[in-house]
Amino acid sequence: AAGFFLGPQLLGPAERLDVRSTPEGAVVLINGTPQAKRTPLTITGLVPGKEYEVRVELDGYEPTEDTIALQKDQKLLYTARLVPKGKVVP
C-alpha cells in the first residue's frame, strides 16, 4: 500500500511504529493491508494525527486489533500478546 515503508529508516520523518508480538512471526495489517514482514517489524511513513487500524494475526491464535494515532515525531511500541484459539483468559 502506498505510504507504508518497512524497516529502519535513517532519513525522513521521525514517526515510527514498532510492532512486536508474543509469539513472534505474526502478520501485521495496517488499515487492512498486510505488511511485507512479520513481527517484529518497524513501520515508518505514517501520517501524524491520522488514525490507523493495526491488526496482528497468527495461525492458531486469536487476532488483536486496535486503533492508533501517532503524533509528530512520536515513536510508538505496539505489543500484541496473542492468545491461542479456544483458550480462556482469566
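Since the structure is predicted, the reported quantities are computational estimates derived from the model, not experimental observations.
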Given side chains that start at C-beta, do those of [X] and [Y] come closer than 4.5 Å, heavy atoms only?
X     : Y     : answer
Ile43 : Tyr78 : no
Glu15 : Gln74 : no
Leu58 : Ser21 : no

Begin with the C-alpha distance, continue with both residues' side-chain angles, and end with the deciding distance and a verdict on side-chain contact (heavy atoms from CB on, under 4.5 Å) for Tyr52 and Leu17. CA-CA 11 Å; Tyr52 293 92; Leu17 174 63; over 6 Å; no

Under 4.5 Å between side-chain heavy atoms, counting indirect links through other Ile/Leu/Val/Met/Phe/Trp/Tyr residues: same cluster for [X] and [Y] or not?
X     : Y     : answer
Leu82 : Leu29 : no
Val83 : Val27 : no
Leu41 : Leu46 : yes

Under a 3.5 Å distance rule, please check whether Tyr61 uses its side chain to pair with a backbone N or O of Thr22 as donor and acceptor. no

Tell me if a side-chain donor or acceptor on Gln35 pairs with a main-chain N or O of Thr33 at a distance below 3.5 Å. yes

Rounded to the nearest 0.5 Å, how far apart are [atom1] of [X] and [atom2] of [Y]?
X     : Y     : atom1 : atom2 : result
Arg81 : Arg20 : CZ    : CZ    : 12.5 Å
Asn31 : Glu51 : CG    : CD    : 10.0 Å
Asp18 : Thr39 : CG    : OG1   : 12.0 Å

Is the shortest distance from a Lys or Arg side-chain nitrogen in Arg55 or Glu53 to a carboxylate oxygen in the other one below 4.0 Å? no

Heavy atoms only: give me the nearest Thr44-Arg16 pair and the separation to one decimal. CG2-CG, 4.0 Å

Sole residue of Leu77, Val56, Thr79, Ile68 in side-chain contact (heavy atoms from CB on, under 4.5 Å) with Val19: Val56

